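Notes follow once the structure below has been shown.
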Amino acid sequence: MPELPEVETVRRGLEQLLPGLVIASASSDTPKSFPNAETDVRQFLVGANVLRVRRRAKVLLVDLSTNYTLVTHLKMTGQLVFQGKDVHFGAGHPNNSLVGELPDKSTRVRLEFTNGAKLFFNEQRKFGWMKLIPTTEVASIDFMKKLGPEPLQSDFTWQVMQRCLLKRKNTNIKAALLDQTVIAGIGNIYADESLWGAYIHPSTLVRALTDKDFQALHKALLDVLRLSIEKGGSTDKNYVNAKGKKGSYLTFASVFRREGQACPRHPATKIIKLRVAGRGTHICPKCQKL
DNA sequence: CACTTGACCTGTCCGC
DNA sequence: TGCGGACAGGTCAAGT
């Protein structure tokens, strides 16, 4: 579930906490969560100083003084939980409570710093991963190389977005938005929210969209991404303290996971849920027509 | 090549 | 209450 705004929220949090810390030890549970752990950890992780925390698409990049970068993909249920002396910081899945003692059964990777602080990579499922990659090579690994542009960069104009989306002109707009090689960082939440904002039905073929549609979609997309980052990500657990008190999940969303509720623009019309591009998809049938 | 579908996982929820 | 099955969704591999 972590998409661009959630990962950006994690990045901002970790950027305040990690730089300057020195890694003392690291361990992982399954090879899948940290494929090269055995050889890499000793050589490039232990003793490394954290320089900075970056983000590209939904990927977190922790640059280390060893000229290696710890690359993390949270996929759907991943969390990074920092436990310092007085600081607890967590991010991830709305259904996951961060109250419990860590490590727990879904802890995949554990980093310990020389000052006693810890960073846990938790994942209910085993889809997410961490990898150590030479910093200079990060941009050229397959996944990173194929990514589309960052929607929040200033040169991402509506015309740029149109050009990107037209690479998938024969598919529906929802599938195109979810395609990371078209635009980076959009997932199911912001695809649904931005399409609703732009009055576009998710099944609309990209080639059928007008300039006006692209302009509206561009504005709606940037608006929801910015609003969500401003709110610390859309999930209640994206930024919680150690008390782990429950927040309200997606309180700002207009349609996502709101089937049966009133459309904010048409109180008499209820949000419905469909399946588009193999994903649960939420629309207002009055705002979004084919 | 363009596009779609299923697999990967585990926890949760729904119906019987 | 227990249990099977559908569902959740980011990405990749396999299929059309």
Side-chain angles (χ1 to χ4, degrees), chain A residues 1-8 10 28-35 55-60 71-80 91-100 103-109 121-131 141-148 150-151 163-195 202-208 225 228 233-238 246 249-250 253 255-260 272-282:
Chain A
M1 167 111 24
E3 305 179 27
L4 188 157
E6 288 74 31
V7 180
E8 177 61 20
V10 179
S28 69
D29 70 336
T30 66
K32 192 172 173 179
S33 302
F34 201 154
R55 177 191 62 78
R56 173 78 169 106
K58 301 170 189 171
V59 174
L60 272 172
V71 183
T72 304
H73 201 309
L74 301 173
K75 289 292 177 83
M76 277 87 71
T77 58
Q79 303 176 317
L80 282 174
H93 194 264
N95 297 329
N96 273 3
S97 168
L98 295 171
V99 192
D104 64 18
K105 63 180 172 179
S106 60
T107 299
R108 305 300 169 206
V109 181
F121 174 40
N122 264 35
E123 244 281 66
Q124 272 181 10
R125 308 177 208 176
K126 295 171 183 170
F127 291 0
W129 44 258
M130 272 187 168
K131 285 175 192 164
I141 65 172
D142 233 32
F143 176 82
M144 302 292 278
K145 210 167 47 185
K146 289 193 277 190
L147 287 173
E150 288 287 329
R163 208 154 43 237
C164 292
L165 288 169
L166 283 171
K167 291 200 299 184
R168 294 285 179 276
K169 63 187 163 110
N170 291 319
T171 190
N172 60 68
I173 182 62
K174 170 126 184 190
L177 283 172
L178 292 175
D179 187 335
Q180 300 299 295
T181 70
V182 172
I183 302 170
I186 304 170
N188 212 28
I189 299 173
Y190 301 100
D192 281 7
E193 290 296 313
S194 59
L195 288 169
S203 297
T204 312
L205 294 183
V206 174
R207 64 164 186 263
L225 293 177
S228 183
S234 68
T235 69
D236 61 336
K237 289 291 184 282
N238 251 80
K246 291 205 165 185
Y249 173 53
L250 278 172
V255 289
F256 193 77
R257 298 247 180 97
R258 287 185 181 274
E259 59 267 35
I272 58 170
K273 185 173 179 182
L274 336 155
R275 215 159 175 85
V276 180
R279 293 282 169 259
T281 300
H282 313 75

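Convention: sequence-line order gives letters A, B, ...; per-chain numbering from 1. Source: prediction; values computed, not measured.
One interatomic measurement links the two molecules: CD of Glu3(A) to C1' of dG10(C), which rounds to 9 Å at whole-angstrom precision. Between the CG atom of Asp179(A) and the P atom of dT4(B) there is a distance of 11 Å, rounded to whole Å. Going from atom CE of Met76(A) over to atom P of dG11(B) covers 14 Å, rounded to whole Å. Atom CG of Leu178(A) is separated from atom C1' of dG6(B) by 16 Å (rounded to the nearest Å). We find that NZ of Lys273(A) is positioned 11 Å from C1' of dA6(C), with the value rounded to whole Å. Computed from coordinates, the Trp129(A) CH2 to dT11(C) C1' distance equals 10 Å when rounded to whole Å. The nearest whole Å value for the distance from the CD atom in Glu6(A) to the P atom in dA8(C) is 18 Å. Between Leu177(A) atom CG and dT11(C) atom C1' the separation is 16 Å, expressed in whole Å.
A sub-4.0 Å separation between OP1 or OP2 of dA8(C) and a side-chain N or O of Arg275(A) is present. The phosphate of dT4(B) (OP1 or OP2) has a side-chain N or O of Thr171(A) nearer than 4.0 angstrom. In terms of phosphate contacts, Lys58(A) brings a side-chain nitrogen or oxygen within less than 4.0 Å of OP1 or OP2 of dT11(C). Between His73(A) and the phosphate of dG10(C), there is no side-chain N or O to OP1/OP2 separation shorter than 4.0 Å. Side-chain N/O atoms of Lys146(A) include none lying less than 4.0 angstrom from OP1 or OP2 on dT11(C). Listed pair Lys126(A) / dT10(B) meets the phosphate criterion, a side-chain N or O lying under 4.0 Å from OP1 or OP2. Within the 4.0 Å cut-off from OP1 or OP2 of dA2(B), not a single side-chain nitrogen or oxygen of Asn170(A) is found. Side-chain nitrogen and oxygen atoms of Gln180(A) include at least one within less than 4.0 Å of the OP1 or OP2 phosphate oxygen of dT11(C).
The closest donor-acceptor contact from the side chain of Arg108(A) to the backbone of Gln124(A) lies under 3.5 Å. At distances below 3.5 Å, at least one donor-acceptor pair connects side-chain atoms of Asp104(A) with backbone N or O atoms of Thr107(A). In this structure, the side chain of Arg55(A) engages the main chain of Ala57(A) through a donor-acceptor pair within 3.5 Å.
For Arg279(A) against dT11(C), a side-chain-to-base donor-acceptor contact under 3.5 Å is present.
Note: Trp129(A) and Phe143(A) have perpendicular aromatic rings, judged against thresholds of 30 and 60 degrees for the angle between ring planes.
DNA chain C is contacted by both Phe127(A) and Phe143(A); Phe127(A) maps to the nucleotide lying nearer its 5′ end (nearest heavy atom per residue).
Rounded to the nearest Å, the gap between the P atom of dC9(B) and that of dA14(C) is 14 Å.
Heavy-atom contacts from other residues, nucleotides or ligands closer than 6.0 Å to NZ of Lys169(A) number 12 or fewer.
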